[in-house]
Amino acid sequence: PETVRRMAGDIFPYNASILETYRSIAPDLLEPGEHAAYVKAEMKQGWSEKAVTNYLNRHAGTATDPIKDLRLPDGTKWEDLTDSGFSGTA
């Protein structure tokens with residue numbers, strides 16, 4: 001679950017701060033526009049987590065991984081990263 005939340009957070013990076021802000025306010029105190037922003041952020045978060053979960057369950061670390069050839073800014077291939085992550089080697 002933590003991996004899914006962290007990876008999903010990178011899809012909509014500003015979303016976490018919006019959710020954190022609005023979760024701390026009682027719903028009946030939110031203005032209509034604020035409530036709409038909160039609902040939209042919740043929906044984006046749900047979609048992000050579902051997309052990441054589906055990716056991890058279906059493709060991560062397999063030959064069918066659609067992003068296995070992706071290179072990170074430091075030059076590391078995504079395939080190498082998932083292989084080391086799933087095998088437990090660093």
Side-chain angles (χ1 to χ4, degrees):
E2 181 60 26
T3 300
V4 171
R5 277 192 294 277
R6 291 179 71 190
M7 288 178 74
D10 291 337
I11 295 174
F12 297 109
Y14 60 88
N15 211 43
S17 62
I18 293 171
L19 290 173
E20 185 178 322
T21 299
Y22 289 128
R23 283 182 179 150
S24 64
I25 302 171
D28 57 327
L29 298 178
L30 294 175
E31 294 291 331
E34 293 171 326
H35 186 265
Y38 173 70
V39 169
K40 187 175 182 178
E42 283 283 349
M43 289 173 51
K44 285 181 175 180
Q45 186 67 24
W47 179 88
S48 302
E49 290 180 7
K50 182 179 176 184
V52 169
T53 299
N54 286 342
Y55 163 75
L56 290 172
N57 288 337
R58 291 182 185 156
H59 299 292
T62 69
T64 63
D65 190 340
I67 62 172
K68 68 181 177 186
D69 295 323
L70 179 97
R71 289 209 177 262
L72 301 177
D74 68 358
T76 306
K77 275 183 64 177
W78 181 256
E79 181 177 34
D80 298 338
L81 191 66
T82 56
D83 288 349
S84 67
F86 295 137
S87 68
T89 60

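If you're wondering where the values come from, they're calculated on a predicted model, not measured in any experiment.
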Please tabulate, for the side chains in residues 59-68, all donor-acceptor contacts under 3.5 angstrom to protein atoms that are two or more places apart in sequence or on a different chain.
unit_1, atom_1, unit_2, atom_2, d
H59, ND1, T64, O, 3.4
H59, ND1, T64, OG1, 3.2
T62, OG1, H59, O, 2.7
T62, OG1, T64, N, 3.3
T62, OG1, T64, OG1, 2.9
D65, OD1, Y55, OH, 3.2
D65, OD1, I67, N, 3.0
D65, OD2, Y55, OH, 2.8
K68, NZ, A63, O, 3.0

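- Considering CG of D69 and NZ of K77, their distance stands at 4.5 Å, rounded to 0.5 Å.
- Ring-plane geometry between H35 and Y38 is classed as tilted, the angle between the planes lying from 30 to 60 degrees on a 0 to 90 degree scale.
- Linking ILVMFWY residues whenever their side-chain heavy atoms come closer than 4.5 Å, directly or via other members, places L56 and W78 in the same cluster.
- Linking ILVMFWY side-chain heavy atoms closer than 4.5 Å, directly or via other members, places I11 and L72 in a single hydrophobic cluster.
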Listed pairs under 3.5 Å, donor-acceptor, residues 19-26 side chains, sequence neighbours left out:
unit_1, atom_1, unit_2, atom_2, d
T21, OG1, S17, O, 2.8
R23, NE, E42, OE2, 3.3
R23, NH2, E42, OE2, 3.0
S24, OG, T21, O, 2.6

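- Note that CE of M43 and CG of N15 are 11.0 Å apart. Values are rounded to the nearest 0.5 Å.
- Residues L29 and E34 approach most closely at O-OE1, 4.4 Å, considering heavy atoms.
- Atom-to-atom distance recorded for L81:CG and R71:CZ is 12.0 Å, nearest 0.5 angstrom.
- The number of heavy atoms from other shown groups lying within 6.0 Å of NZ (K40) does not exceed 12.
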